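Beneath this line is the structure, given in structure tokens, with notes to follow.
Being a predicted model, the structure only gives us computed values, none of them experimental. All values below were derived from every heavy atom in this structure, side-chain atoms included, with hydrogens, water molecules and symmetry-related copies excluded.
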Amino acid sequence: MRLGTARVGETRFAAVQRDELWYALDVPPGTSMRAVLAEGPDEMRRLSGSAARPLPGAVPDAPVRPGKIVAIGLNYLDHIREAGMDKPARPLMFAKFPSSVIGPGEPIVIDGDLTERVDWEVELAAVIGTPLRQASPREALAGVAGYTVANDVSARDLQFADGQWTRGKSLDTFCPLGPAIVTPDELDDPQSLRLWTTVNGETVQDSSTAEMLFGIADLLAYCSRAFTLDPGDVVLTGTPWGCGEFMDPRRSLNPGDTVEVGVEGIGTLANPVV
């Protein structure tokens, strides 16, 4: 299934996508996808199977507004190599604030008084469907409702100057998500998916989730040992080589750019930069 949030005018609908058309789930308009996921996988499947009300003219919004966003740094071997850093002995975890989330087509806003070095990071994002606490890797993977595409937009000057990453990763509009949540049964092995980034049509990242240092099951289990992952939470699983910060010469996003990130089997997520 391809699930998400579709917008018609100012009204948002929890919806399912079939043949590129959106259909409203049988819940009141404005019901969040996070609330639908909290009902459990059986109810989610029932609602998706019974969805029959078409939404003409609908456009995709951020597929879910997460309660929390957990992100993992330095989790791709090719990115570790380009950054010239040592492999982490354990997952390097940080948070992005939910207020940073935007959807497809919404602008990434650069505040020039705050940052001058804004970078892109394509990521496979796992959306939690079942509460996870002290889960085994197998239990953790079974608790994934689906996957979506994320751009972990990063203000590198703030990130490195602060010494911790929360502010530089959490500026408003710095977490595009979309275009939909694809359930695990619709994807091949999540550890062998191509993912890429283009800036103004130029490919700058092109890799595979096979490059992950810590796989998705292990990442989610590791997180769940420390805190509960709730339905609708999003875990960003790291980015591969090709970040602008590590190019020679260094590159950054600028107003007027368009950045597009994509993951095989899920789709692409494009956002203008203003």
Side-chain angles (χ1 to χ4, degrees), residues 1-70 95-107 124-133 140 142-151 170 172-187 220 224 227-236 263 265-269 271:
M1 294 183 291
R2 297 181 64 89
L3 298 164
T5 303
R7 189 175 69 250
V8 180
E10 297 301 315
T11 305
R12 289 172 170 81
F13 298 85
V16 62
Q17 190 180 40
R18 301 185 188 124
D19 299 322
E20 300 186 1
L21 300 176
W22 287 99
Y23 296 83
L25 301 184
D26 187 20
V27 294
T31 301
S32 70
M33 180 52 63
R34 184 151 56 110
V36 172
L37 294 176
E39 291 295 317
D42 290 341
E43 178 66 3
M44 184 178 69
R45 283 190 289 269
R46 186 192 71 78
L47 289 170
S48 300
S50 64
R53 181 158 56 101
L55 295 171
V59 296
D61 197 37
V64 65
R65 298 284 170 169
K68 57 182 173 287
I69 304 167
V70 182
K96 289 175 79 83
F97 294 147
S99 54
S100 65
V101 170
I102 58 173
E106 293 187 87
L124 176 65
V127 182
I128 304 304
T130 302
L132 297 176
R133 177 65 176 140
V144 175
Y147 299 93
T148 193
V149 185
N151 188 351
S170 294
D172 289 349
T173 74
F174 272 32
C175 190
L177 294 176
I181 299 167
V182 178
T183 53
D185 59 295
E186 296 286 330
L187 288 175
L220 298 181
S224 79
F227 48 80
T228 301
L229 292 170
D230 294 306
D233 286 351
V234 170
V235 179
L236 309 188
V263 177
I266 301 175
T268 57
L269 169 65
N271 299 89

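Sorted by first then second residue, the side-chain hydrogen bond (donor to acceptor under 3.5 Å, both in side chains) pairs that include residues 13-22, not counting sequence neighbours, are Arg2-Gln17.
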Side-chain donor/acceptor pairs under 3.5 Å, residues 54-61, sequence neighbours excluded:
from	atom 1	to	atom 2	distance (Å)
Asp61	OD1	Arg7	NH1	3.1
Asp61	OD2	Arg12	NE	2.7

Under 3.5 Å, sequence neighbours excluded: what are the donor-acceptor pairs made by side chains of residues 36-48?
from	atom 1	to	atom 2	distance (Å)
Asp42	OD1	Arg45	NH2	2.6
Glu43	OE1	Arg46	NE	3.0
Glu43	OE2	Arg46	NH2	2.9
Ser48	OG	Met44	O	2.9

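The main-chain N or O of Asp230 is never found under 3.5 Å from a side-chain atom of Arg34 such that the two would form a donor-acceptor pair. A side-chain donor-acceptor contact under 3.5 Å links Asn271 to the backbone of Glu106. Although no hydrogens or angles enter the test, the distance criterion places no donor-acceptor pair under 3.5 Å between the side chain of Ser100 and the main chain of Ser170.
The shortest side-chain heavy-atom distance between Cys175 and Ile102 does not fall under the 4.5 Å cut-off. At a threshold of 4.5 Å between non-hydrogen side-chain atoms, the residues Asp233 and Val70 do not count as touching. Under the 4.5 Å side-chain criterion, counting only non-hydrogen atoms from C-beta, Phe174 is not in contact with Asp172. Side-chain contact between Val127 and Tyr147 is absent, with no heavy atoms from C-beta onward closer than 4.5 Å.
Met1 CE to Thr183 OG1: the interatomic distance, rounded to the nearest 0.5 Å, is 4.5 Å. One finds the CZ atom of Arg53 at 8.0 Å from the CG atom of Asp26 (value rounded to the nearest 0.5 Å).
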